[in-house]
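Notes follow the structure.
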Amino acid sequence: MKILVLFGGFALACAATAATVKSATLTVELDESAKGAVSRMVTANGAELGSMSGKTNLFELKATRADDFKKSETFAALDATTFSVEKTAEGVKLVYGGFKKAGVESVVCTVRGSGTYVRWGISVRMTPGWALEETTYPRTLVSSVLGTDGGDDRFVYGTAKGGVTHNPGAKGTGWRAYSKMPGPLVAQFATVYDDRAGFYFATEDGACHSKFVGAECMKDGILVTTRRIGFDEGEVVQAYEVVTGGFEGTPGNPCTWHDAADLYKKWAVRQTWTTKPFRDRDDVPDWMRDA
């Protein structure tokens with residue numbers, strides 16, 4: 001196995017079992033022996049954000065017969081019997097194949113460091129007669145406790161109501177917080193942070209495809225992810241990237257959810273749906289604009 005360490009598009013090969021992709025704010029390690037599972041996430045100044053105690057599948061998929069909605073199969077990265085890691089100009093390409101069940105023929109995940117973010121893309125080749133109904137990717141596992149004490153940990157996501165959870169790692173494995181678009185998900189980002197540092201996760205989807213964004217407690221950490229909903233046959237290329245980044249505070253200026261919201265705003269203000277105030281938009285019904 002090899003480790004591919006990428007700094008601004010330059011790669012070095014060393015003896016190890018991880019692929020490492022670095023942006024200006026976040027370094028991500030992908031465990032080759034676990035078929036690309038995220039094994040470490042660390043900010044630019046060394047704050048550990050990822051779970052150090054476990055890993056989870058990098059992706060999970062749901063495939064459904066196009067002619068029989070009652071027949072579905074699920075797939076995960078660890079189900080692939082063939083797996084390879086290829087170096088690219090800015091990161092790596094992870095190629096999965098040899099799935100034993102009908103439904104999915106192959107999966108290609110791209111992970112690249114570009115500016116502020118590590119960017120995640122995915123394409124899935126479906127078995128003829130099958131449609132891709134759900135795509136959960138990337139599945140990023142954040143530490144249950146950031147730093148030494150979870151008391152200052154927070155989870156925040158862009159739902160219309162009730163989007164803040166204090167000390168999420170203490171909630172236990174039954175805790176889940178997901179929001180759907182279209183619906184109450186009004187901002188496509190989520191964040192886990194403490195006073196020192198935070199993890200930023202967002203879908204840069206200007207067309208607002210149907211999806212969930214959120215998190216849940218797992219045995220080995222807090223799973224932060226997104227699940228796209230569709231019904232697509234053939235070669236299915238996700239139309240947008242997911243981005244992950246880090247942000248940091250100081251003792252005099254600790255992190256808040258505003259740090260993540262500001263990152264999302266930098267992208268959101270460039271979208272077509274932010275060019276007019278809500279009251280002036282002509283793509284929503286009158287009753288929504290007449291408060």
Side-chain angles (χ1 to χ4, degrees), residues 30-31 34-38 54-84 93-111 120-141 157-159 172-185 188 190 201-205 207-242 244:
L30 307 168
D31 188 345
K35 295 193 169 92
V38 175
K55 307 177 186 71
T56 188
N57 277 294
L58 184 63
F59 65 80
E60 291 185 351
L61 309 171
K62 179 181 178 182
T64 300
R65 283 289 309 178
D67 58 356
D68 184 358
F69 298 164
K70 294 179 291 184
K71 185 174 182 180
S72 297
E73 297 284 0
T74 57
F75 300 82
L78 287 175
D79 295 331
T81 60
T82 64
F83 171 67
S84 65
K93 180 168 69 171
L94 312 175
V95 182
Y96 304 80
F99 295 98
K100 294 182 179 180
K101 297 179 291 187
V104 171
E105 290 187 1
S106 62
V107 178
V108 176
C109 298
T110 58
V111 189
W120 309 76
I122 186 169
S123 63
V124 183
R125 180 177 293 278
M126 305 302 296
T127 305
W130 291 78
L132 181 61
E133 186 175 349
E134 297 181 4
T135 306
T136 306
Y137 171 84
R139 290 165 49 87
T140 55
L141 202 58
Y157 68 135
T159 192
T173 54
W175 176 80
R176 296 168 58 89
Y178 289 97
S179 194
K180 187 175 185 294
M181 174 178 283
L185 184 67
Q188 303 174 61
F201 181 102
T203 59
E204 292 196 342
D205 174 18
C208 300
H209 294 81
S210 180
K211 69 174 71 65
F212 291 85
V213 173
E216 62 187 276
C217 278
M218 300 183 71
K219 181 182 67 173
D220 296 313
I222 301 168
L223 176 68
V224 182
T225 191
T226 179
R227 176 161 49 100
R228 186 186 75 87
I229 309 300
F231 203 79
D232 308 290
E233 299 181 63
E235 184 79 17
V236 186
V237 180
Q238 189 155 286
Y240 55 88
E241 288 184 311
V242 178
T244 55

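By convention here, the first residue in the shown sequence is residue 1.
- Between R65 and W130, the closest side-chain pair of non-hydrogen atoms falls below 4.5 Å.
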Report the C-alpha separation of L94 and F83 in whole Å, then their side-chain angles, then the decisive distance to 0.1 Å, and conclude whether the side chain to side chain contact (heavy atoms under 4.5 Å, CB included) test is met.
CA-CA 7 Å; L94 312 175; F83 171 67; 4.0 Å; yes

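- Although no hydrogens or angles enter the test, the distance criterion places a donor-acceptor pair under 3.5 Å between the side chain of Y137 and the main chain of G121.
- One distance of note links CZ of R228 with OG1 of T136; it measures 10.5 Å at 0.5 Å rounding.
- A distance of 11.5 Å separates CD of E133 from CG of L61, quoted to the nearest 0.5 Å.
- Inter-residue side-chain proximity for T74 and E60 is flagged as unmet; no heavy-atom pair is nearer than 4.5 Å.
- In terms of heavy atoms, G172 sits closest to C217 at O-CB, 2.9 Å.
- Shown here for F201 and P138, the closest heavy-atom pair between the two residues is CE1-O, 3.8 Å.
- Residues T135 and R227 have side chains not in contact (no heavy-atom distance under 4.5 Å, counting atoms from C-beta outward).
- Here the straight-line distance linking atom CD1 of I122 with atom OG1 of T110 works out to 9.0 Å at 0.5 Å rounding.
- At distances below 3.5 Å, not a single donor-acceptor pair connects side-chain atoms of S123 with backbone N or O atoms of V237.
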Please report the C-alpha distance between D79 and K100 in whole Å, then the side-chain angles of each, then the deciding distance to 0.1 Å, and finally whether the side chain to side chain contact (heavy atoms under 4.5 Å, CB included) criterion is met.
CA-CA 8 Å; D79 295 331; K100 294 182 179 180; over 6 Å; no

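- Remark: E105 CD to R125 CZ distance equals 6.5 Å, nearest 0.5 Å.
- The distance from atom OG1 of T64 to atom CG of D67, rounded to the nearest 0.5 Å, is 11.0 Å.
- Inter-residue side-chain proximity for F59 and W120 is flagged as unmet; no heavy-atom pair is nearer than 4.5 Å.
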Apply side-chain hydrogen bond (donor to acceptor under 3.5 Å, both in side chains) to residues T173 and K219 and explain how you reach the verdict.
CA-CA 6 Å; T173 54; K219 181 182 67 173; over 6 Å; no

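- With hydrogens and angles disregarded, no donor-acceptor distance shorter than 3.5 Å links the side chain of Y240 to the backbone of A207.
- In this structure the side chain of M181 reaches within 4.5 angstrom of the side chain of K211, judged on heavy atoms.
- V104 has its side chain out of reach of E73: every pair of non-hydrogen atoms, C-beta onward, lies at least 4.5 Å apart.
- In terms of modelled atom types and a separation under 3.5 Å, the side chain of T127 and the main chain of A102 share no donor-acceptor contact.
- Between V38 and L141, every side-chain heavy-atom pair lies at or beyond the 4.5 Å cut-off.
- Side-chain atoms of T140 come within 3.5 Å of backbone N or O of V224 as a donor-acceptor pair.
- L132 CG to M126 CE: the interatomic distance, rounded to the nearest 0.5 Å, is 5.0 Å.
- When each of T56, N57, T225 is paired with R139, the side chain to side chain donor-acceptor pair (under 3.5 Å) condition holds for T56 and for no other.
- A cation-pi arrangement is present between K101 and F75, with the terminal nitrogen or guanidinium carbon under 6.0 Å from the aromatic centre and inside a 45° cone about the axis.
- Around atom NZ of K180, more than 12 heavy atoms belonging to other residues, nucleotides or ligands sit under 6.0 Å away.
- Contact between T159 and S179 at its shortest, heavy atoms only, is OG1-OG, 2.9 Å.
- Aromatic ring centres of Y157 and F212: separated by at least 6.0 Å.
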